[in-house]
Amino acid sequence: MSDTNPHEAANSDFIRDFIKEDLASGRFKEVRTRFPPEPNGWLHIGHTKAFHIDFSIAADFGGTCNLRFDDTNPEKEDLSYVEAIKRDIKWLGYDWKDREFFASDYYEKLYDFAVKIIHKGQAYVDDLNDEEIREYRGTNVPDKNNITLTPPGRNSPYRERSVEENLRLFARMRAGEFADGEKTLRAKIDMAHPNLIMRDPVMYRIRREPHYRTGTTWVIYPMYDFQHPLSDAMEGVTHSLCSLEYEIHRPLYDWFIREAEVFPSRQIEFSRLNITHTVLSKRWLLRLVKEGYVLGWDDPRMPTLAGLRRRGYTPEAIRDFLGRIGVAKTDSYVDVQLLEFCLREDLNKRSRRVMAVLNPLRLVIENWPEGKVEELEAVNNPEDPVAGKRLIPFGRELWIERDDFQEVPQPKYFRLFPGNMVRLRYGYIVTCTGFSKDPETGMVTELRCTYDPATKGGDAPDNRKVKGTIHWVSAAHAVQLEARLFDHLFPAERPMDVAPGIDWLATMNKDSLKRVSGWGEPILATTEPGDRFQFERLGYFARDPDSVDGVPAFNRSVSLRDTWAKIEKKGS
RNA sequence: UCCCCGGUUGUGUAAUGGUAGCACAGCAGACUCUGGAUCUGCUUGUGGGGGUUCGAAUCCUCCCUGGGGAACCA
């Protein structure tokens with residue numbers, strides 16, 4: 001990708017500073033990074049921060065970034081996730097060229113490294129089961145209430161097996177001579193280490209589970225802590241960038257590199273992305289899907305890349321966002337409004353304008369001849385002259401937005417009310433002469449206006465001030481459409497911070513999707529899924545792949561900035 | 001409890017011993033055939049105490065406070 005984002009070019013960050021030091025000191029001669037997704041779920045906006053950092057830093061330093069699937073857990077991984085992840089990364093505009101790797105391709109080499117470490121007397125086969133391991137580690141009761149002490153762990157009774165016995169046992173583990181969970185291979189480090197990660201971590205486990213790539217070739221699988229540093233080293237990764245949760249794993253990362261005597265990759269950690277009104281936890285997102293709170297992983301309300309894409313987000317907007325949020329070690333919560341700002345800014349420049357009415361009210365122009373139709377010229381995009389112009393039909397009966405009429409106008413309201421004049425965008429200036437009401441409900445059913453023939457196109461030859469301009473659609477030519485209006489899935493700014501004892505699902509916005517039926521310009525009948533428009537005065541919309549009974553559906557990607565809404569809110 | 005890592009306007013992020021800046025949000029105004037866009041201006045910040053220094057967001061120290069960790073997941 002050609003990176004033109006000024007924000008990331010201009011700013012330095014602590015990772016880039018480290019890299020500059022490493023290059024200056026000669027610790028590394030080049031920069032290689034990697035993005036290591038586990039193929040067990042869909043990519044969301046949080047992951048994009050990680051791979052944006054990996055790819056853009058490599059690009060900044062003239063280096064490369066590998067895509068490596070960290071697929072060492074056969075129980076959760078699947079080829080379909082690999083495909084989805086690749087599709088999403090490509091869509092965002094990042095290119096790993098031919099550097100596509102799989103940790104599962106390294107199984108044989110990793111096994112050899114394990115043997116090497118056993119030879120050095122730094123690993124042993126343990127017969128303890130998972131519960132016993134935890135107990136021996138000295139912390140059988142994880143306690144968030146800070147009551148328990150952390151005693152030093154105790155050595156496993158199998159810790160002092162001879163190298164020969166360990167070698168023999170490990171080979172038998174691989175050969176499938178033991179049941180799942182019966183034995184593990186553990187690094188022999190220090191059971192009294194203050195960092196519990198270092199208390200003889202498990203390197204290999206036995207699991208008779210077919211792997212999506214290696215099938216039933218293996219019954220032992222390497223653990224992340226063992227596999228990751230060695231995979232990095234084998235690929236010559238200089239800077240292994242990951243999120244803060246791995247910070248306490250770094251001593252172990254370095255330990256395996258030292259003991260295996262391989263390329264000294266360096267791990268650097270940064271804080272992961274949080275966004276207000278959004279959850280970015282795989283587990284939470286899975287529950288939303290599984291329990292039907294959303295329509296699927298690609299529901300436009302989801303923070304998944306698939307969801308954002310369907311919602312109408314552009315790769316450019318997301319990349320701009322990623323350049324603006326920065327990189328640091330502070331736990332951060334980025335305002336979702338920044339993401340929305342980036343989208344508006346991008347879409348404002350590039351999307352065609354079109355008129356659509358989503359809450360229709362009939363307007364009749366009393367002095368317009370029955371049956372007469374005129375074609376009026378409209379600008380496709382005032383921000384982009386190249387986008388050209390189009391013709392839209394105008395007639396005696398129009399649909400306008402119900403909100404654009406008030407029987408008794410509130411202060412500062414300058415749209416339609418009895419006696420007031422507004423401009424119909426690209427049409428004529430009209431004056432409201434009356435309206436009808438449903439006697440039962442009190443709802444306004446129809447508006448009547450007269451038009452001024454001298455104002456064709458919307459220009460007032462006498463320079464009279466017309467404060468309001470409203471959008472409209474000719475009723476005789478209107479195309480029916482469905483608009484899907486979204487609100488945050490979570491009303492709380494920080495939905496993950498739920499009070500103890502409260503199920504976060506109970507805090508969800510029950511009304512985050514509104515489907516409304518409306519009318520649009522004729523051109524909207526010929527759109528394709530994925531097409532993006534600005535519906536003037538309403539927001540940016542993207543045509544959804546889905547449609548009901550041939551009525552095209554449009555997702556509101558983001559609303560327009562709405563100054564009036566603020567005025568209205570203050571007035572109430 | 002122990003170990004690790006953080007705390008700069010509402011939010012995010014710069015300043016690497018020398019004028020605390022930028023963006024979003026917010027507020028006010030200008031302009032406008034989208035109450036859009038654009039433009040202008042404004043408010044708000046170095047968690048606290050002590051120390052080093054001519055000078056501290058930055059270095060030292062104590063405290064306060066937030067996050068992470070104790071999987072045969074990654």
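The chains referred to below are lettered A, B, ... by the order of the sequence lines, with proteins before strands, and numbering in each begins at 1. No hydrogens, no waters, no symmetry mates; every other heavy atom, side chains included, goes into these values.
Taking the P atoms as reference points, B:rU40 lies 15 Å from B:rC31, given to the whole Å. Rounded to the nearest Å, the gap between the P atom of B:rC60 and that of B:rC5 is 13 Å. Across B:rU58 and B:rU1, the matching P atoms stand 27 Å from one another, rounded to whole Å. Using C1' as the reference atom, B:rG6 and B:rA28 are 37 Å apart when rounded to the nearest Å. Across B:rA56 and B:rG68, the matching C1' atoms stand 30 Å from one another, rounded to whole Å. With P as the reference atom, B:rG36 and B:rA30 are 13 Å apart, rounded to whole Å. Between the P atoms of B:rA57 and B:rG21, the separation comes to 13 Å (whole Å). A gap of 32 Å separates the P atoms of B:rC3 and B:rU53, to the nearest Å.
Checking each of A:Phe170, A:Phe178, A:Tyr221 against A:Tyr204 for a ring-ring contact (aromatic ring centres under 6.0 Å, His included) leaves exactly one that passes, namely A:Phe170.
The distance between the ring centers of A:His249 and A:Tyr253 does not fall below 6.0 angstrom.
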Find every protein N or O atom lying less than 3.5 Å from an N or O atom of nucleotides 35-39 of chain B, and list the pairs.
residue	atom	partner	partner atom	Å
B:rG35	OP1	A:Thr469	O	3.4
B:rG35	OP1	A:Arg537	NE	3.3
B:rG35	OP1	A:Arg537	NH1	2.7
B:rG35	O2'	A:Trp564	N	3.4
B:rG35	N7	A:Arg415	NH1	2.9
B:rG35	O6	A:Phe414	N	3.1
B:rG35	O6	A:Arg415	NH1	3.4
B:rG35	N1	A:Lys412	O	2.9
B:rG36	OP1	A:Thr563	OG1	2.3
B:rG36	N2	A:Glu383	OE2	3.0
B:rA37	OP1	A:Arg561	NH1	3.4
B:rA37	OP2	A:Arg561	NH1	2.5
B:rA37	O2'	A:Asn348	ND2	3.3
B:rA37	O2'	A:Glu383	OE1	3.4
B:rA37	O2'	A:Glu383	OE2	3.0

Name the pairs: protein N/O against N/O of nucleotides 72-74 of chain B, kept only if under 3.5 Å.
residue	atom	partner	partner atom	Å
B:rC72	OP2	A:Arg137	NH2	2.8
B:rC72	O3'	A:Arg205	NE	3.3
B:rC72	O2	A:Arg207	NH2	3.4
B:rC72	N3	A:Gly181	O	3.4
B:rC72	N4	A:Leu128	O	3.2
B:rC72	N4	A:Asp130	N	3.2
B:rC72	N4	A:Gly181	O	2.7
B:rC73	OP2	A:Arg205	NE	2.1
B:rC73	OP2	A:Arg205	NH1	3.4
B:rC73	OP2	A:Arg205	NH2	2.8
B:rC73	O2'	A:Asn73	ND2	2.7
B:rA74	OP1	A:Thr72	O	3.3
B:rA74	OP1	A:Thr72	OG1	2.7
B:rA74	OP2	A:Tyr224	N	2.8
B:rA74	O3'	A:Asp70	O	3.4
B:rA74	O3'	A:Asp70	OD2	3.3
B:rA74	N6	A:His249	NE2	3.4
B:rA74	N3	A:Tyr246	OH	2.7

Pairs under 3.5 Å (N/O, protein and nucleotides 17-22 of chain B):
none

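Residues that satisfy the ring pair (Phe, Tyr, Trp, His ring centres under 6.0 Å) test with A:Trp255, not counting sequence neighbours, are absent from this structure. A search for side-chain contact (heavy atoms from CB on, under 4.5 Å) contacts involving A:Val379 returns A:Pro382, A:Lys389, A:Tyr426, not counting sequence neighbours. Under the ring pair (Phe, Tyr, Trp, His ring centres under 6.0 Å) criterion, A:Phe69 pairs with A:Phe102, not counting sequence neighbours. In this view, A:Lys20 satisfies the side chain to side chain donor-acceptor pair (under 3.5 Å) rule with no residue, not counting sequence neighbours. For A:Lys349, there are no side-chain contact (heavy atoms from CB on, under 4.5 Å) partners two or more places apart in sequence or in a different chain. Among residues two or more places apart in sequence or in another chain, the side chain to side chain donor-acceptor pair (under 3.5 Å) test is passed with A:Arg556 by none.
Listed in residue order, the members of residues 333-343 of chain A having a heavy atom less than 4.0 Å from RNA chain B are A:Tyr333, A:Val334, A:Asp335, A:Gln337, A:Leu338, A:Phe341. Looking at residues 266-286 of chain A, you'll see that no heavy atom sits under 4.0 Å from any atom of RNA chain B.
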CA sep, side-chain torsions, deciding dist, call: A:Arg272, A:Asp331, salt bridge (charged side-chain N to carboxylate O under 4.0 Å, His left out): CA-CA 7 Å; A:Arg272 60 195 311 160; A:Asp331 291 314; over 6 Å; no
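Cation-pi geometry between A:Arg415 and A:Trp564 is met: under 6.0 angstrom from the ring centre, within 45 degrees of the axis. A cation-pi geometry, defined here as NZ or CZ lying under 6.0 Å from the six-membered ring centre and within 45° of its normal, does not hold between A:Arg186 and A:Tyr124. For the pair A:Arg532 and A:Phe541, the cation does not sit on the ring face, since its NZ or CZ is not both under 6.0 Å from the ring centre and inside 45° of the axis.
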Pair pattern of RNA chain B in dot-bracket, where unpaired bases get dots and | marks partners in another strand, Watson-Crick or G-U under 3.5 angstrom: .((((((..((((....[..)))).(((((.......)))))....(((((..]....))))))))))).....
